[in-house]
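A quick write-up on the structure given underneath.
Just so it is clear, the values below take in all heavy atoms, side chains as well, and ignore hydrogens, waters and symmetry mates.
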Amino acid sequence: MGDKDLRRYSRVVVDGDERAPSRAMLRAVGFQEDDFQRPQIGIASTWSMVTPCNMHINGLAEEAMKGANDAGGMGVVFNTISVSDGISMGTPGMRYSLVSREIIADSIEAVVAAEGFDGIVAIGGCDKNMPACVMAMARLNRPSVFVYGGTIRPGIKRRDIISVFEAVGAKSAGKLSASELLEIEQTAIPGPGACGGMYTANTMASAIEALGMSLANSSAQEAVSAAKLSDCHRAGAAVMNLIREDIKPRDIMTRDAFENAIALVIALGGSTNAVLHLLAIAREAEVDLSLDDFTRIGAKTPVLADVKPSGKYLMSELIAIGGIQPLMKRMLDRGLLHGDCMTVSGKTLAENLADVEDYPDGQKIICSFDKPLKTDSHLAILYGNLAPEGAVAKITGKEGLYFEGNARVFHSEENALQAILDGAIKAGDVLVIRYEGPKGGPGMREMLSPTAAIMGKGLGDDVALITDGRFSGGSHGFVVGHITPEAAVGGPIGLITEGDIIRIDVVRKEVSVNVSDAEMLRRRAQWKRPNSSVRRGALAKYRNEVSSASEGAVTIPPPWDE
């Protein structure tokens with residue numbers, strides 16, 4: 001088969017006399033005569049100077065373009081947006097974080113479909129642009145490879161961004177001086193790359209690799225490294241192979257592949273955001289995935305990685321002992337992964353792992369199956385009269401398995417944070433932060449500032465927090481998020497009053513309030529949705545279209561003919 005036959009989409013854009021204007025435009029951006037006969041590869045770059053997670057990605061995009069060109073394609077780099085969770089956290093701007101996932105997916109779809117690209121390499125480096133890239137790939141279903149931009153190197157004294165958030169709480173508690181807080185602020189973020197623990201970025205990079213959409217070890221490379229440059233170059237070549245073999249994203253992102261991704265997230269002790277994002281990606285891939293699949297897989301999958309935020313080690317330290325490939329090999333041998341799933345390498349997962357060497361003797365980051373950190377999943381899917389459609393808790397076991405306390409009710413993250421910093425939250429309290437869900441925010445903000453302040457105050461073992469919002473991958477403690485239905489649609493979390501007794505029972509998988517059904521009905525009859533200042537723009541569009549968090553908080557409309 002000649003190269004011309006590989007141009008399934010781009011030939012419509014460049015072939016024939018009537019396409020002379022198109023070719024004229026492309027000549028101006030660097031196309032030579034022979035380039036029109038090559039498959040066009042769209043290189044989706046999430047570069048920006050908004051955040052260190054993405055500040056280096058243009059260089060990676062250039063390397064991916066070279067890889068595609070060297071393999072017989074014609075790479076074309078284009079950009080999409082990124083917003084910084086770490087910078088906007090705890091502010092109204094954080095409402096745009098999850099919204100940006102939809103905007104990014106839409107923008108990649110728009111460029112790839114409009115320009116007639118035959119394949120895609122997408123490079124993401126921060127929490128939302130990573131799942132967004134894969135959502136777009138699933139939607140478009142053209143040969144595609146995802147590349148992770150890479151993790152950041154540790155700051156001084158093994159610090160990272162969570163060190164700064166928790167230092168804010170520590171200063172409020174009188175444990176740090178102003179100069180000590182400033183010193184932590186100045187030394188925690190040394191350069192490019194995504195946040196350094198098993199927070200959402202590293203969690204999703206690992207999940208996407210297990211899903212089969214990245215080349216081996218793409219998730220376990222530092223942002224500034226020769227390995228990452230090589231990963232990008234090989235990705236450009238890999239997408240050309242996928243075009244030749246006619247392997248498309250939905251051939252790779254099967255139900256078994258999603259089960260692999262879930263299992264690896266659990267073994268790594270990964271972020272609760274993986275639940276939200278994997279549900280969203282599955283929806284785009286038309287794979288039937290639900291909250292209950294996380295419970296089923298979690299019952300047989302232990303937590304094995306002693307990584308931050310709940311553990312000790314950073315991603316760069318896991319990279320130093322071999323990354324996630326040896327862990328995946330162990331899980332495959334244990335029957336916890338489906339080895340016959342196709343990957344973007346053109347080989348199955350089992351074939352990719354066949355020659356992987358185990359971790360070195362004496363390493364302390366990855367536990368054995370005989371002595372796991374937790375025998376089942378840390379991601380607990382809870383139901384009950386507070387979450388009849390489900391909620392997601394991150395319980396590593398260090399927090400305990402049961403909490404009962406008095407509700408302290410807040411209608412926003414800011415109000416809850418101020419109460420924590422002012423010393424108004426005491427042992428035995430359950431913070432209830434509501435109207436922060438997908439519609440209520442709108443945008444479903446992450447509650448990192450309150451959870452970090454709780455830890456910094458030394459209250460991590462003594463209080464719990466529940467919310468219809470979500471959590472950063474850096475959050476830890478006795479926390480329950482994604483409570484559905486959310487308060488803004490009249491969910492039970494919107495009916496809690498100050499002093500109600502809240503129970504969180506991880507063993508029974510329940511989150512409940514000690515209020516009778518009759519009293520809840522009475523409160524429901526009196527409930528009125530609070531006014532919102534959001535009237536127009538992206539947030540208003542999102543609020544009108546977004547689904548429940550239990551469905552991935554997606555904005556996919558029903559089919560036109562329904």
| field | Criterion side-chain hydrogen bond (donor to acceptor under 3.5 Å, both in side chains) against Asn273, the qualifying member of Thr200, Thr203, Asp127 | value | Thr200

| query | Taking the side chain as C-beta and beyond, is there a heavy-atom pair between Cys195 and Asp160 under 4.5 Å? | reply | no

| Can any side-chain N or O of Glu357 pair as donor or acceptor with the backbone N or O of Pro326 at less than 3.5 Å? | no

| query | Rounded to the nearest 0.5 Å, what separation is found between the CD1 atom of Ile108 and the CD1 atom of Ile103? | reply | 12.5 Å

| message | When you measure from the side chain of Ser107 to the backbone of Ile104, do you find a donor-acceptor pair of N or O atoms at a distance under 3.5 Å? | response | yes

| request: Let me know which of Thr295, Thr484, Asp292 forms a side-chain hydrogen bond (donor to acceptor under 3.5 Å, both in side chains) with Tyr383. | output: Asp292

| said: Keeping Thr254 on the side-chain end and Ala257 on the backbone end, is there a donor-acceptor pair under 3.5 Å? | reply: yes

| field | Ion pair check, Glu259 and Arg296, cut-off under 4.0 Å | value | yes

| task | Please report the C-alpha distance between Lys228 and Glu63 in whole Å, then the side-chain angles of each, then the deciding distance to 0.1 Å, and finally whether the side chain to side chain contact (heavy atoms under 4.5 Å, CB included) criterion is met. | result | CA-CA 10 Å; Lys228 182 48 64 183; Glu63 196 63 33; over 6 Å; no

| query | Considering residues, nucleotides and ligands other than Arg508, do more than 12 of their heavy atoms fall under 6.0 Å from its CZ? | reply | no

| Side-chain touch Arg330/Tyr359, heavy atoms, less than 4.5 angstrom | yes

| message | If the test is side-chain contact (heavy atoms from CB on, under 4.5 Å), which one of Leu349, Asn352, Ile324 qualifies with Glu209? | response | Ile324

| task | Using the side chain to side chain contact (heavy atoms under 4.5 Å, CB included) rule, take Ser271 and Tyr199 through it: C-alpha gap first, then chi angles, then the decisive distance, then the call. | result | CA-CA 6 Å; Ser271 168; Tyr199 313 141; 5.8 Å; no

| query | Heavy-atom distance under 4.5 Å between the side chains of Leu279 and Leu291, does that happen here? | reply | yes

| message | Please tell me whether Arg470 and Ser97 have a donor and an acceptor in their side chains that are separated by less than 3.5 angstrom. | response | yes

| field | Side-chain heavy-atom pair Ile493, Glu486 within 4.5 angstrom cut-off | value | no

| 4.5 Å side-chain heavy-atom contact, Leu448 and Asp85 | no

| task | Any chance you could lay out the salt bridge (charged side-chain N to carboxylate O under 4.0 Å, His left out) test for Arg283 and Glu102, step after step, and finish with the verdict? | result | CA-CA 13 Å; Arg283 180 76 178 272; Glu102 311 304 304; over 6 Å; no

| said: With a 4.0 Å cut-off on N to O distance, would you call Glu286 and Arg250 a salt bridge? | reply: yes

| request: Please check if the side chain of Asn202 supplies one atom and the backbone of Gly197 the other of a donor-acceptor pair under 3.5 Å. | output: yes

| said: Can a donor-acceptor pair be found, under 3.5 Å and without considering hydrogens, that links the side chain of Thr51 to the backbone of Asn54? | reply: no

| query | Hey, is the main chain of Thr80 close enough, under 3.5 Å, to the side chain of Thr46 for a donor-acceptor pair? | reply | no

| query | Can you list the steps and then say if Met253 with Phe258 is a side chain to side chain contact (heavy atoms under 4.5 Å, CB included)? | reply | CA-CA 7 Å; Met253 287 191 272; Phe258 278 97; 4.0 Å; yes

| task | Mark yes or no for whether Gln363, through its side chain, and Ile366, through its backbone, hold a donor-acceptor pair below 3.5 Å. | result | yes

| task | Give the intermediate values and the outcome of side chain to side chain contact (heavy atoms under 4.5 Å, CB included) for residues Leu373 and Asp306. | result | CA-CA 7 Å; Leu373 292 170; Asp306 188 10; 3.9 Å; yes

| Which distance, rounded to the nearest 0.5 Å, do you find between the CE of Met198 and the OH of Tyr313? | 14.5 Å

| query | How about Leu314 and Thr151: do any of their side-chain heavy atoms sit closer than 4.5 Å? | reply | no

| Polar side chain donor-acceptor pair, Ser48 to Ser82, under 3.5 angstrom | no

| What residues form a side chain to side chain donor-acceptor pair (under 3.5 Å) with Tyr435, not counting sequence neighbours? | Trp527

| said: Is the shortest side-chain heavy-atom distance between Val147 and Val121 below 4.5 Å? | reply: yes

| query | Considering only heavy atoms from C-beta outward, does the side chain of Met130 approach that of His277 to under 4.5 Å? | reply | no

| task | State whether the side chain of Arg503 and the backbone N or O of Glu510 hold a donor-acceptor pair below 3.5 Å, judged by distance alone. | result | no

| task | State whether the side chain of Lys374 and the backbone N or O of Ser377 hold a donor-acceptor pair below 3.5 Å, judged by distance alone. | result | yes

